[in-house]
Student: 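Structure below; questions to follow.
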Amino acid sequence: MKKFALLLAMFVVAFGMVAQAGQQIIVGTNAEFMPFEFTDDDNNIIGFDIDIIKAVAKEEGLSVRMHNQSFDTLIEGLETGKIDAAISGMTITEARKEKVDFSEPYYNAAQVIVVRDGTEGFTKIEDIVGKKIGVQLGTTGALMAEEVMGEDNSDLKQLRKYNMVFTDLKNGRTEAVVVDKPVAEAYLKQVDGLKISSPPMSEEQYGIVIKKGNKELLDKMNSGLAKIRANGEYDRIVEKWF
Ligand code: ARG
């Protein structure tokens, strides 16, 4: 009888621990989009988006494991179930909504053009036509550039890594980059010799991305976002990164 009571006690403790840790969700990101997601010197994935998803998950009793991957594979990763969610500065668009679900918007952004100091012009998107341009593959910036330059234009360099997009610009391999404004601003703080040459050219909103039809997780993301906006945690995270 004593043995049984002990066993029972052990089960209760074990289940308690599982319940406390909560369900773990695997969250995809492309950690080269400062200040939203990037890696520190020890290769930890950090940034605004990471703090947001962790705060949201905490409110909803979930734990998070981040998965770093290239931006253009995030939607596919959700479709195949390799990841449960993605947070990656991803703009809510009609085309993407056909494949995945988005939470309520959690941040506003816009595309801008970045050039080297001393470069004239590039004040509007049409100015990139006929020039060598850099963008990140699969982004709204890439789409915007394609719209004026045409698809498969060899002047449009579409790279997987943002760092390389900016390195090309610095080294003169490209004339300009089309990128999200908050990322351009963060990058300009780190490197000399570049400037933003255009006003904001689009109105975009970032959302947390969920596998299409996973209403349970989508509801949790939205309720978590509402809670962190209400309890001041969202503002603290904005304060920390911007
Ligand atoms: N906002 C843009 C988009 O949705 C760029 C996002 C890129 N994000 C990243 N983590 N590399 O297409």
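Computed from a predicted model, the values in this text were never measured in an experiment. Ligands are counted one by one from 1 in listed order, and the atoms in each one are counted from 1 as well.
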Student: Does this structure show an ion pair linking Lys211 with Asp101, if we count only N-O contacts that are shorter than 4.0 Å?
Tutor: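 Judged by the 4.0 Å cut-off on N to carboxylate O distance, Lys211 and Asp101 do not form a salt bridge.
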Student: Report yes if some N/O of Phe71 lies less than 3.5 Å from some N/O of ligand 1; otherwise report no.
Tutor: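 Looking only at distances, the answer is no, because the N/O contact criterion of under 3.5 Å is not met.
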Student: Please work out which of the three classes, parallel, tilted or perpendicular, describes the rings of Phe166 and Tyr187, given edges at 30° and 60°.
Tutor: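 Geometry flag for Phe166 against Tyr187: parallel rings.
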Student: Ignoring angles and geometry beyond distance, decide whether Thr91 reaches within less than 3.5 Å of ligand 1 through its nitrogen or oxygen atoms.
Tutor: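 Such a contact does occur with ligand 1.
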Student: Under a 4.0 angstrom heavy-atom cut-off, which atoms of ligand 1 come close to Phe33?
Tutor: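 With Phe33 as reference, the close atoms of ligand 1 come out as 5 (C), 6 (C), 7 (C), 8 (N), 9 (C), 10 (N), 11 (N).
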Student: Just distances here: any N/O of Gln136 and N/O of ligand 1 closer than 3.5 Å?
Tutor: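 Looking only at distances, the answer is yes, because the N/O contact criterion of under 3.5 Å is met.
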Student: Tell me which protein heavy atom sits closest to atom 5 (C) of ligand 1, plus the residue, atom name and distance to 0.1 Å.
Tutor: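 Minimum-distance protein heavy atom for atom 5 (C) of ligand 1 reads Asp180 OD1, 3.4 Å.
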Student: What protein heavy atom sits nearest atom 2 (C) of ligand 1, and how far away is it?
Tutor: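 That would be Thr140 OG1, 3.3 Å.
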Student: Side chain, backbone, both or neither: which part of Arg96 has a heavy atom under 4.0 Å from ligand 1?
Tutor: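 Within the 4.0 Å criterion, Arg96 contacts ligand 1 through side-chain atoms alone.
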Student: Which atoms of ligand 1 are found less than 4.0 Å from any heavy atom of Met90?
Tutor: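 Result: 4 (O).
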Student: Could you tell me whether some N/O pair between Gln111 and ligand 1 is separated by less than 3.5 angstrom?
Tutor: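 N/O-N/O distance below 3.5 Å does not exist for this pair.
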Student: Do the charged groups of Asp117 and Lys195 touch, with an N to O distance under 4.0 Å?
Tutor: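 Answer for the salt bridge query: no.
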Student: I need the Lys212 NZ to Lys99 NZ distance, nearest 0.5 Å.
Tutor: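 Rounded to the nearest 0.5 Å, the NZ-NZ separation comes to 11.5 Å.
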Student: Give the residue and atom name of whichever protein heavy atom lies nearest to atom 8 (N) of ligand 1, and the separation in Å to one decimal.
Tutor: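 The answer is Ser88 O, 2.8 Å.
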Student: In sequence, state the C-alpha distance, the side-chain angles, and the governing distance for Arg160 and Asp72, and then conclude on salt bridge (charged side-chain N to carboxylate O under 4.0 Å, His left out).
Tutor: CA-CA 8 Å; Arg160 285 222 153 75; Asp72 61 306; 2.9 Å; yes
Student: Answer yes or no for Phe36: is there a heavy-atom contact with ligand 1 below 4.0 Å?
Tutor: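 For ligand 1, residue contact (heavy atoms, under 4.0 Å) with Phe36 is absent.
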Student: Ion pair present between Glu94 and Lys97, side-chain N to carboxylate O less than 4.0 angstrom?
Tutor: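 Result for this pair is yes, salt bridge flagged.
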Student: Salt bridge or not for Lys54 and Asp51, using N-O below 4.0 Å?
Tutor: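 Looking at Lys54 and Asp51, the cut-off is not met.
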Student: Considering only NZ, NE, NH1 and NH2 on the basic side and carboxylate oxygens on the acidic side, decide whether Lys132 and Glu175 come within less than 4.0 Å.
Tutor: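 No salt bridge links Lys132 with Glu175.
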Student: Return the option from Ala142, Gly89, Ala109 holding the heavy atom at the smallest distance from atom 6 (C) of ligand 1.
Tutor: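 When every heavy atom of Ala142, Gly89, Ala109 is considered, Gly89 comes closest to atom 6 (C) of ligand 1.
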Student: Do Glu185 and Lys189 sit within salt-bridge range, that is, some charged N less than 4.0 Å from a carboxylate O?
Tutor: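 No.
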Student: Go through ligand 1 atom by atom and flag the ones less than 4.0 Å from a non-hydrogen atom of Tyr206.
Tutor: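 Taking each heavy atom of Tyr206 in turn, ligand 1 has 1 (N) under 4.0 Å.
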Student: May I ask you to list the atoms of ligand 1 that are less than 4.0 angstrom from any heavy atom of Glu37?
Tutor: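 So the answer, numbered in order with elements, is 10 (N).
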